[in-house]
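Below you'll find the structure, written out as structure tokens, and then a few comments.
Values reported hereafter were calculated over all heavy atoms of this structure, with side chains retained and with hydrogens, waters and symmetry mates removed. Bear in mind that the values here come from a model prediction, so they are computed numbers and not experimental data.
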Amino acid sequence: MNNENQSRTIDIVLVGLFAAVTYLGIQFFRIPLPAAVGAPFLHFGNIFFLLSVLLLGSKKGALAGGIGFILFDILNGYITVIPKIAILTILMAFAAGSVFKRLSKKYSAVGSVIVAVTVAFLISLAGDFFYDTLLLVLSGSEMVPAMWAAFTSLLATAINSVFGIVAIAVLYTPLRYTLEKYKK
């Protein structure tokens, strides 16, 4: 097998692997959290998704995360949130990937990871707020009560975000080292 085919095969395997661990990180490692809107839970899916973005790049990471998240949603009855998840996955992947690519040229890897992942999670917070507000307004709520209910539901996303930032900062360097060693 030539180098180009071998590289493509490795990329396909890594996207599949990260899609699988993203799915498993939600399916088997989740803790329900209280919220006024929806049924949020603490999970490891975002950690594996954003690690795939940082290690494989924005496009491959978005694909891996999208497959893992959507597979979870289909198999667990969350079909109605698939459009939100797909949009947020793409936005988070390209924001984190772009920020990381720029910062890692000038700053330490861990610092770049923390900033990039924080930007991605801020997009998640904003996306959840706007989606939940829209959902409540379309369900008949007035705008201000809908916004307050959506805001109170952000605690779950905020907890996931802080947990994710810390976990990704810890896991990124050893995983990057392992992948670089494996790809040689």
Side-chain angles (χ1 to χ4, degrees), residues 1-31 41-76 82 84-125 127-128 157-184:
M1 190 183 310
N2 66 28
N3 284 343
E4 186 178 325
N5 286 341
Q6 184 177 8
S7 178
R8 269 198 216 141
T9 302
I10 289 170
D11 287 344
I12 291 168
V13 168
L14 289 173
V15 167
L17 174 68
F18 275 105
V21 295
T22 298
Y23 167 78
L24 293 171
I26 307 169
Q27 183 67 35
F28 296 110
F29 302 104
R30 58 184 160 161
I31 302 165
F41 43 85
L42 178 65
H43 63 84
F44 293 178
N46 285 325
I47 294 167
F48 296 119
F49 154 56
L50 287 169
L51 280 168
S52 72
V53 169
L54 298 172
L55 295 167
L56 306 178
S58 297
K59 290 178 187 175
K60 293 172 194 159
L63 181 60
I67 291 169
F69 289 138
I70 291 171
L71 183 61
F72 171 82
D73 291 337
I74 290 170
L75 295 175
N76 289 278
I82 288 175
K84 173 187 114 171
I85 296 301
I87 291 166
L88 284 179
T89 300
I90 291 166
L91 291 174
M92 289 171 69
F94 284 95
S98 298
V99 169
F100 180 72
K101 193 173 188 178
R102 275 185 195 237
L103 292 181
S104 63
K105 293 176 184 174
K106 294 182 181 181
Y107 304 102
S108 73
V110 173
S112 301
V113 164
I114 291 170
V115 173
V117 170
T118 300
V119 168
F121 281 123
L122 289 172
I123 289 170
S124 178
L125 281 163
D128 282 352
T157 304
I159 291 169
N160 261 328
S161 299
V162 172
F163 178 66
I165 292 166
V166 172
I168 293 166
V170 169
L171 293 171
Y172 173 77
T173 300
L175 285 175
R176 186 191 77 204
Y177 174 76
T178 302
L179 275 179
E180 287 174 356
K181 192 174 176 181
Y182 175 72
K183 282 188 166 186
K184 287 182 180 180

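- Residues Phe48 and Leu24 are not in side-chain contact: their nearest non-hydrogen atoms beyond the backbone lie 4.5 Å or more apart.
- Looking only at side-chain heavy atoms (C-beta outward), Phe163 and His43 stay at 4.5 Å or farther from each other.
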(request) List the steps, then state whether side-chain contact (heavy atoms from CB on, under 4.5 Å) holds for Ile82 with Ile74. (result) CA-CA 8 Å; Ile82 288 175; Ile74 290 170; 3.7 Å; yes

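- Looking only at side-chain heavy atoms (C-beta outward), Arg30 and Leu42 stay at 4.5 Å or farther from each other.
- Under the 4.5 Å side-chain criterion, counting only non-hydrogen atoms from C-beta, Phe121 is not in contact with Val162.
- Listed by first and then second residue, the salt bridge (charged side-chain N to carboxylate O under 4.0 Å, His left out) pairs that reach into residues 165-176 are Arg176-Glu180, sequence neighbours excluded.
- Residue pairs meeting the side-chain hydrogen bond (donor to acceptor under 3.5 Å, both in side chains) criterion with at least one member in residues 47-56, sequence neighbours excluded, do not occur.
- Ile31 places none of its side-chain heavy atoms less than 4.5 Å from the side chain of Phe41.
- Here the shortest heavy-atom pairing between Ala169 and Ile114 reads CB-CG1, 3.9 Å.
- Distance OH/Tyr23 to CD1/Ile67: 14.0 Å, rounded to 0.5 Å.
- The shortest non-hydrogen separation linking Leu88 to Gly127 is CD2-CA, 3.7 Å.
- For Phe29, the side-chain contact (heavy atoms from CB on, under 4.5 Å) partners at least two apart in sequence or on another chain are Phe44.
- The CG atom of Leu71 sits 9.0 Å away from atom CG of Asn76, with the distance rounded to the nearest 0.5 Å.
- When all heavy atoms are compared, the tightest approach of Ile70 to Ala86 is CD1-CB, 4.4 Å.
- By the salt bridge (Lys or Arg N to Asp or Glu O under 4.0 Å) test, Arg102 is found to be paired with no residue, residues two or more places apart in sequence or in another chain being considered.
- One distance of note links CD1 of Ile123 with OG of Ser161; it measures 11.0 Å at 0.5 Å rounding.
- You'll find the side chain of Leu51 stays beyond 4.5 Å of the side chain of Leu56, heavy atoms only.
- Every residue two or more places apart in sequence or in another chain that forms a side-chain hydrogen bond (donor to acceptor under 3.5 Å, both in side chains) with Asp128 is listed here: Lys84, Thr157.
- Between atom CG of residue Leu63 and atom OG of residue Ser58 there is a gap of 12.5 Å, rounded to the nearest 0.5 Å.
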(request) Go through the steps for Leu14 and Leu179 under the test side-chain contact (heavy atoms from CB on, under 4.5 Å), then give the verdict. (result) CA-CA 10 Å; Leu14 289 173; Leu179 275 179; 3.6 Å; yes

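- Inter-residue side-chain proximity for Phe94 and Lys59 is flagged as met; some heavy-atom pair is nearer than 4.5 Å.
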(request) Could you walk me through whether Leu54 and Val117 pass side-chain contact (heavy atoms from CB on, under 4.5 Å), step by step? (result) CA-CA 9 Å; Leu54 298 172; Val117 170; 3.9 Å; yes

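- To the nearest 0.5 angstrom, Asn160 atom CG is 9.5 Å from Leu125 atom CG.
- Looking only at distances, a side-chain donor or acceptor of Ser112 sits under 3.5 Å from a matching main-chain atom of Leu103.
- Rounding to the nearest 0.5 Å places CD1 of Ile47 at 10.5 Å from CD1 of Ile26.
- The side-chain heavy atoms of Asp11 and Lys60, taken from C-beta on, include a pair separated by under 4.5 Å.
- For Phe49 and Phe69, the ring centers are positioned less than 6.0 Å apart.
- Between Ala62 and Val53, the shortest heavy-atom distance links the atoms N-CG2, 4.2 Å.
- Ring centers of Phe100 and Tyr172: under 6.0 Å apart, within the cut-off.
- What you find for Ala96 and Ala120 is that their closest heavy atoms are CB-CB, 3.9 Å.
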(request) Quick one: do Phe18 and Leu55 satisfy side-chain contact (heavy atoms from CB on, under 4.5 Å)? Show the steps, please. (result) CA-CA 10 Å; Phe18 275 105; Leu55 295 167; 3.8 Å; yes

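- With sequence neighbours excluded, no residue forms a side-chain hydrogen bond (donor to acceptor under 3.5 Å, both in side chains) with Thr118.
- Here the shortest heavy-atom pairing between Thr178 and Pro174 reads OG1-O, 2.8 Å.
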